[in-house]
Amino acid sequence: MSTSLREPTLTGSLPASTASADGHSRRKPRRALTTGAKYAVLVTVTALFFAPIAYMLIGSFKPSDEVLDGLGGFLPVDLSFDNYLGVITRFDSPATGYFANFYLTSAIVAVVVVGGGLVVNSMAAYALARLRWRGRNSVLMLVIILVILPFEAIAVPLYYLMNDYRNTYFVQFIPFVASAFSIFLFYTFFIGLPAEIQESARLDGAGPWRVFWQIVVPMSKPVFASVTILSFLAAWSSFLFPVMMIDQPQYRPLPLEIAVFKAQPPTDWGQIFAFGVLLVIPVVIVFLLFQRWFIQSVASSAMKG
Amino acid sequence: MNFWGAAAAVTAVAVTLSGCAAGSSGGASGDGTGTITVWAQEGQAGEVQAAKDEVAAFNDSQSDVVAELTLIPQASYGQTLASTKADALPDVFEFDGETLGSLVYANKLMPLDGLVDEAVVDNQLPSIVAEGTYVDGSLYSVSQYDSGLALYGNRSMLEAAGITDTPTTVDDAWTVDEFEDAVVALGAKSPEGKGLDIKEQYQGTWPGYAFTPVVASAGQPLVKDGSADGALNDPAVVDALSRFATWREYVDPNADDKAFTGGRVGLSWVGHWTYNDYAAALGDDLVVIPLPDFGNGTKSGQGSHSWGIGSKSERSASAAKFLEFIMSDDSIGDITAANGAVPATQTAIAASELYAPGGPLALYTDQLALTCGADDPTPDCVTVPRTISPAWPVINSAFSEAFWAIYGGADAQEELDKAVKTIDQDYEDNAGYE
Amino acid sequence: MVLSAPTNQRRRPAVRFGYDNAAGVLFSLPAVLLLIGFVVVPFIMAFVLSMQIVRLDAARPPIWVGLEQYRRILFDPDFSPIFWRSLLNNLTFALIVVPVQTALAVALAVLLNQKLRGIAFFRTFFFLPVVFPMALVAVVWTLIFSRDSLGLLNGFLSWISFGAIPPQDWLGNPALALISIAIMSIWAGVGFQMVIVLAGLQEIPPELYEAASIDKASKWQQFLHVTLPGLRNTLVFVIMITTIFSLRLFDQVYIMTSGGPDDSTTTVMYQAVTSAFVENNVGRGSAMTVIFVLIIIAITLIQRRILRQDTQIS
C-alpha cells in the first residue's frame with residue numbers, strides 16, 4: 001500500500017520521436033529537443049484518447065443533424081443548450097418517467113451500495129482480521145472463494161429468484177451491498193495495521209465495537225476511500241441486472257435509460273449526448289476533485305497487500 | 001400545532017386512507033370506475049405520441065375512469081411481459097399479437113367474452129378475432145390495426161418486360177410458374193439481372209411472417225396437432241421452398257432499402273407498411289399484387305399489435321371501457337393515419353381512403369376477410385396467423401433459420417427436418433403445452 | 001500475493017483475550033447473511049436450475065432433465081453451434097484485447113512515469129474513460145462507428161489517409177464488428193490497467209536502473225531486462241483480470257449489436273442472458289452460467305499456478 005504515484009522514480013525516456021519540436025532553451029538544446037518530442041507524443045496520444053469524450057461534449061451542444069458529420073462533428077458551431085432543455089422536457093410524464101427519476105434511482109442505488117457496503121464489509125473484514133472466533137476460517141475461505149466470482153455468474157439465477165421484486169430500488173442494491181471483494185480489500189488493510197494500539201485499548205477495557213469504530217476506522221481512511229470509489233463506480237455503471245429487472249420508467253437507473261433512449265427511433269443524437277453528459281458529470285466532478293484517491297484505489301485493487 | 005390538532009390531523013389522514021382502501025374493492029370486475037393502469041410500447045416517436053394522445057382523449061371523454069399510461073421499451077417489451085407476474089401486470093396492456101399464446105398459457109390474460117361490448121367485437125375484422133382466440137375458444141384480445149403481405153409492382157417495368165396480365169385480386173393470383181416468368185423477364189431487362197426484392201435486409205425472423213404464406217400455399221401449416229413433423233417437412237413444402245431458393249439470383253440484396261423505389265427491381269415482396277414510400281416514389285405506376293400461388297391458393301400474412309386485459313385486473317369493467325374507446329373509428333383513424341396500417345374494424349375500413357373497397361390497398365382488406373384462422377390452410381382462405389401457441393417463439397426462430405439456410409443454398413429437406421426436430425423438442429420439453 | 005489467502009496470524013497478540021465469539025459472529029453476520037442470500041444461494045440455484053426445463057412465467061411445474069441442458073449446449077448439433085460460436089467470440093475478443101490493451105497500458109505507463117512538468121495533467125485524460133459507465137461508452141461509440149462517410153471514425157481515417165481508406169461498416173460487417181467492440185473496450189479499459197502498471201513500475205528499485213546504466217545498457221535493454229521482469233507479477237494479474245473481463249463481455253454487445261451481425265459478436269454471457277431473459281429458458285441460461293463459472297475457475301487456477309512457480313524461483 002506504499003504506492004505513491006506522485007513521485008516517479010523511473011527517469012527513462014522514450015526513444016526520441018522524429019516529430020519536430022522547437023527547442024527554446026539555449027543552454028541544452030538536445031535535452032530541450034527530446035523534452036519537446038516527449039510533449040509532442042504526449043499531446044498527440046492524449047488528443048486521440050480524449051477525442052470520443054470531446055465528441056460527446058461538443059455534440060451535446062449541437063443540433064442533432066450536425067452531430068453525425070464525419071470530422072465535422074468536432075466543429076463547435078451552432079452551439080446551444082437546446083439538447084439539454086430537450087432532455088429535461090422530453091421526459092415529461094409518468095408514462096416516460098421524469099429525468100429526475102433516473103437520477104434519483106442511480107443515486108439511491110449508489111448511496112445504499114456504497115454506504116451499506118462500507119459498514120457491513122468493513123465490520124466483517126475486521127472480524128476476520130482481528131477478532132478470534134469460531135467459524136472465522138470458514139468465513140474467510142468463503143470470502144476468498146467468492147472474490148473470484150463475478151456478478152455475471154449469478155445474474156441468471158438471481159433474476160429467477162428475485163423476480164417478485166421487479167421494479168423496485170431494493171432489487172437494484174441488495175445483491176451488491178455485501179461484496180467479497182470489498183471485504184478482501186478491507187481485510188488486507190486491517191491485517192497490515194499495527195496491532196499494539198488496538199491491544200492496549202482492549203487492555204483498558206474497550207470492547208471490540210469501540211476499538212473498531214474509535215481506533216481502527218479513523219486509522220483506515222485510505223481503504224475506506226478506495227472501497228468507496230470502487231463500489232461507487234460499479235454502482236453508478238450498473239447495467240446487466242437493471243436490464244433484466246427494471247422496465248418501469250420510475251425505477252430505471254441512468255445507464256439503462258440511455259440504452260432505452262438510444263434504441264428509440266428516431267434517434268436524437270444531440271439529446272442522447274446531452275443525456276450522456278448529465279449522466280457522467282457527477283462522477284467526473286468527483287473524479288477531478290479526488291483524482292489522487294481514484295488512482296490509488298485502482299492501484300490498490302491489484303491487491304498489493 | 002397542539003396535541004389535539006395533531007391528533008385530528010392524524011385521524012383525518014387515517015380516515016382518508018381507509019376511505020381509499022374501501023373504494024378500491026369494487027367486486028371482481030369493478031364497477032366501471034376508478035383508476036386503471038395501461039402499458040404500451042415505447043417505439044417510434046409518432047406511435048408514442050399517438051398512445052399518449054389516446055389516453056388523454058379517453059380521460060377527457062368521460063369522468064368515471066382515469067387511465068394512467070406507462071411506456072415500456074419496445075426492444076424488451078416481450079421480455080417485460082414474460083417476466084412480470086400476472087398480479088403485477090397492469091389492467092390493460094398492448095402486446096405483439098404473436099405473443100398471445102405465451103401470455104394465455106401463462107394465465108396473464110383475461111377472456112374478453114362478455115366483458116367487451118359484443119358490438120365492438122363483431123366490428124373487428126375476422127382476422128383479428130381469429131388471432132385473438134386461443135385454443136380454448138375464448139377471445140383474449142382486440143386490435144386497432146392489422147397487417148398484410150403482397151407484391152408491389154412497378155407497372156412500367158412490368159410492361160417493359162412484356163408482362164401485362166398483372167393480377168390484382170386474390171382470385172387471379174399468379175401461379176408459381178407465372179410469377180417465376182415475371183421475375184425472370186424483369187431480371188432480363190435489368191442491368192444487374194435482378195427482378196425481385198424480398199426485403200432480405202430485414203434478416204432475423206422476417207421469414208416467420210413473410211414466408212409462412214409460402215408453406216401455407218403449399219398446403220401445410222407450420223405445426224399440426226402439437227408437432228411440426230409431417231407439416232413443415234412435407235414434400236410439398238420442401239418443393240416450394242427449394243423453388244423459392246432458385247429465385248435468389250434474381251433478388252436484389254437491398255442493403256440500402258432502395259431496390260424498388262430506385263427502380264432496380266420491378267417487384268417487391270413486402271408488407272403494407274411500405275405503401276407511403278412506394279407510392280411517393282412510383283405514383284400511378286404502383287400496383288398491388290397478391291403473392292404467388294404454390295398450389296393451395298394465394299396466402300398472405302396477418303397480425304399486429306393487440307390489446308388485452310390483465311388476468312388479475314380488479315377493474316376489468318373499466319379496462320373494457322378503455323378498450324372500447326380505443327376501438328372507436330376516431331381512435332383507429334388517428335393511429336392508422338400515423339402508421340399507415342390496415343384499420344382493424346369494418347367501420348374504420350369503410351371510412352379509410354386507402355383500404356375501403358375500390359381504394360388502392362383494398363387487396364389487403366379482401367385478404368384479411370378470408371383468414372385461415374387457427375385451422376389448416378384450405379385453398380379458399382388467404383391470411384395465415386402466426387401459430388397461436390406458446391411454442392411460437394421457437395417455431396418462428398426455427399423456421400426462419402431453416403428458411404435462410406435453404407435460401408442460401410442448403411438442402412431443404414435437411415434444414416426443415418432440423419427445424420422440425422427443434423420445434424418438436426420444445427413441445428416435448430413442455431409436455432405439449434397442455 | 002494475488003488472490004491467495006493472506007496469512008492472518010502474522011502478529012499474534014501479546015496478550016491473550018480469550019475468544020471474541022459473540023463479537024466475531026455479530027460483526028460478520030450482516031455481510032455473511034447477504035453473501036449467502038445473494039451470492040451463494042443463487043450460485044447453488046444455478047446448478048439446480050440447470051438440470052431442469054423451467055420457464056419464468058411458469059404456468060406448469062419445472063421438468064427435471066438431469067444433464068440434458070448441458071448435452072444440448074455442448075454437443076447437440078441443433079443447439080450447440082451458437083454456444084461454441086459465442087465461446088469462440090469471447091476467446092477471439094480476449095486474444096485481441098489482452099495483448100493490445102496490456103501492451104498499450106505498459107507503453108502509457110512508461111510514457112507517464114517520467115519527470116515532466118504537467119505529467120499528472122496528461123494522466124487525468126488517460127484515466128478519465130475509466131469513470132465512464134460502459135453503457136454510455138457503448139452509446140457514444142455506436143455513433144463513432146457509424147457506417148458511411150458521416151461516421152466519425154470513417155471521417156478520421158479518410159482524413160489521415162488522404163481519402164485512401166474507404167468508409168467501413170464497423171458494426172454491420174461480421175468481419176469487423178467484434179474488432180470494433182474490442183477497440184472500444186480497450187479505450188475504455190486501458191486507463192485502469194495503466195494505473196496498476198504505473199504502481200508496479202514505481203516498485204521497481206531504482207538501483208536496478210542505476211546498475212544497468214553503469215553497464216551501459218540502452219534504454220531499450222533496460223526496459224527488456226529491468227522493467228519487464230520487475231513487472232512480472234503485475235502483468236500476470238493484469239492479464240488475468242483482462243481475460244476474465246473478456247469472458248464477462250455483455251453491456252457493449254447488448255447495446256451495440258445484439259450479438260449480430262450473423263452471431264459475430266454474441267458472447268457466452270449474452271447467450272446466457274438471452275436464453276433466460278428473452279427465450280424464457282431459465283434452465284439453459286443457468287447451465288451456460290455454470291459453464292461460464294467453470295471457465296473462470298480454470299483461468300484463476302492457471303494464474304495461481306504461474307504465480308506459484310514465480311515464488312519458487314525467487
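Chain A is the first sequence line, chain B the second, and so forth, proteins listed ahead of strands; every chain is numbered from 1. Computed over heavy atoms, backbone and side chain alike; hydrogens, waters and symmetry mates excluded.
Under a 3.5 Å cut-off, the side chain of A:Ser64 and the backbone N or O of A:Gly270 do form a donor-acceptor pair. A distance-only check finds no donor-acceptor pair linking the side chain of C:Arg248 to the backbone of A:Glu152 [under 3.5 Å]. A distance-only check finds a donor-acceptor pair linking the side chain of C:Asn21 to the backbone of A:Arg134 [under 3.5 Å]. For C:Thr124 (side chain) and C:Ala120 (main-chain N/O), a donor-acceptor pair under 3.5 Å exists by modelled atom type. Listed for the A:Ser106 side chain is a donor-acceptor partner under 3.5 Å among the backbone atoms of A:Leu254. Using modelled atom types, one side-chain atom of C:Tyr270 and one backbone atom of C:Ser258 make a donor-acceptor pair closer than 3.5 Å. Panel note: side chain C:Gln271, backbone C:Val268; no donor-acceptor pair is recorded below 3.5 Å.
The number of heavy-atom neighbours closer than 6.0 Å to CH2 of A:Trp213, taken from other residues, nucleotides and ligands shown, is above 12.
Of the two parts of C:Phe277, the backbone and the side chain both hold a non-hydrogen atom closer than 4.5 Å to a non-hydrogen atom of chain A. The contact between C:Tyr254 and chain A is made entirely by side chain atoms (from C-beta outward), counting heavy-atom distances below 4.5 Å. Proximity to chain C (any heavy atom under 4.5 Å) is shown, for A:Trp236, by both the backbone and the side chain. Of the atoms belonging to C:Arg284, not a single heavy atom falls under 4.5 Å from chain A. Interface remark: C:Phe192 contributes backbone and side-chain atoms alike to the contact with chain A (heavy atom separation under 4.5 Å). With a 4.5 angstrom heavy-atom cutoff, A:Leu68 touches chain C via backbone and side-chain atoms both. Using a 4.5 Å cut-off between heavy atoms, A:Phe294 touches chain C through backbone and side chain atoms alike. Residue A:Leu240 touches chain C through both its backbone and its side chain, counting heavy-atom pairs closer than 4.5 Å. Residue A:Leu161 touches chain C through its side chain alone, counting heavy-atom pairs closer than 4.5 Å. When heavy atoms are compared at a cutoff of 4.5 Å, A:Ile145 does not approach chain C at all. With a 4.5 angstrom heavy-atom cutoff, A:Phe49 touches chain C via backbone and side-chain atoms both. Heavy-atom distances place the side chain of C:Ser146, and not its backbone, under 4.5 Å from chain A. Proximity to chain C is absent for every atom of A:Val286, based on heavy atoms less than 4.5 angstrom apart. If you measure heavy-atom distances from A:Leu142 to chain C, the contacts under 4.5 Å come from the side chain alone. Only the side chain of C:Val190 comes within less than 4.5 Å of a heavy atom of chain A; its backbone N, CA, C and O stay farther away. C:Met256 touches chain A through its backbone: at least one of N, CA, C or O sits under 4.5 Å from a heavy atom, while the side chain does not. At a 4.5 Å heavy-atom cutoff, A:Val119 makes no contact with chain C through either its backbone or its side chain. Looking at C:Val39, the atoms closer than 4.5 Å to chain A (heavy atoms on both sides) sit in the backbone and in the side chain alike. A:Leu149 touches chain C through its side chain: at least one heavy atom from C-beta onward sits under 4.5 Å away, while N, CA, C and O do not. For A:Phe190, no part sits under 4.5 Å from any heavy atom of chain C, backbone or side chain. With a 4.5 angstrom heavy-atom cutoff, A:Leu233 touches chain C only via side-chain atoms. When heavy atoms are compared at a cutoff of 4.5 Å, A:Leu288 approaches chain C solely by way of its side chain, counted from C-beta outward.
Per-residue counts of heavy-atom pairs under 4.5 Å with chain A were compared for C:Val131, C:Thr289, C:Ile297; the largest is that of C:Val131. The residue among A:Ala51, A:Ser237, A:Gly207, A:Gly70 with the most heavy atom pairs within less than 4.5 Å of chain C is A:Gly70. Ranked by non-hydrogen atom pairs under 4.5 Å with chain A, the options C:Gly37, C:Ala135, C:Pro42 are led by C:Pro42. With chain A as the partner, the residue from C:Ile299, C:Asn154, C:Val25 showing the most heavy-atom pairs under 4.5 Å is C:Val25. Taking chain A as the reference chain and counting heavy-atom pairs below 4.5 Å, the highest number among C:Phe292, C:Trp187, C:Phe250 is found for C:Trp187. Heavy-atom pairs under 4.5 Å with chain C peak, among A:Asn163, A:Asn121, A:Val283, at A:Asn163. Annotation: maximal heavy-atom pairing with chain A below 4.5 Å, among C:Phe122, C:Phe43, C:Phe156, occurs at C:Phe122. Comparing A:Phe239, A:Trp209, A:Phe232 by how many heavy-atom pairs each has under 4.5 Å with chain C, the most go to A:Phe239. Contact count against chain A (heavy-atom pairs under 4.5 Å) is highest for C:Val139 among C:Val139, C:Val41, C:Val48, C:Val293. The candidate with the highest count of non-hydrogen atom pairs below 4.5 Å against chain C, out of A:Val243, A:Val45, A:Leu158, is A:Val243. For the set A:Ile174, A:Leu279, A:Ile229, the count of heavy-atom pairs under 4.5 angstrom toward chain C peaks at A:Ile174. Chosen from A:Thr46, A:Val139, A:Val120, A:Ile258, the residue pairing most often with chain C at heavy-atom distances under 4.5 Å is A:Thr46.
Between A:Trp269 and A:Asp65, every side-chain heavy-atom pair lies at or beyond the 4.5 Å cut-off. Within the 4.5 Å cutoff, no side-chain heavy atoms of C:Leu143 are placed close to those of C:Leu152. Residues A:Met244 and A:Tyr160 are not in side-chain contact: their nearest non-hydrogen atoms beyond the backbone lie 4.5 Å or more apart. Under the 4.5 Å side-chain criterion, counting only non-hydrogen atoms from C-beta, A:Val171 is in contact with A:Phe241. C:Val40 places a side-chain heavy atom less than 4.5 Å from the side chain of A:Leu146.
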Subject >> Verdict with supporting geometry, A:Phe186 and A:Leu118, side-chain contact (heavy atoms from CB on, under 4.5 Å) >> reply: CA-CA 9 Å; A:Phe186 278 119; A:Leu118 287 179; 3.9 Å; yes
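Closest heavy-atom contact between A:Ala127 and C:Phe27: CB-CB, 3.6 Å. The shortest non-hydrogen separation linking C:Gly285 to A:Val156 is C-CG1, 4.0 Å.
Looking only at atom types and distance, the side chain of C:Thr227 has a donor-acceptor partner in the side chain of C:Tyr209 under 3.5 Å away.
Here the CG atom belonging to A:Leu128 is positioned 9.0 Å from the CD1 atom belonging to A:Ile191, to the nearest 0.5 angstrom.
For the side-chain hydrogen bond (donor to acceptor under 3.5 Å, both in side chains) with C:Asp20, the qualifying choice from A:Arg130, A:Arg136, A:Arg202 is A:Arg202, the only one to do so.
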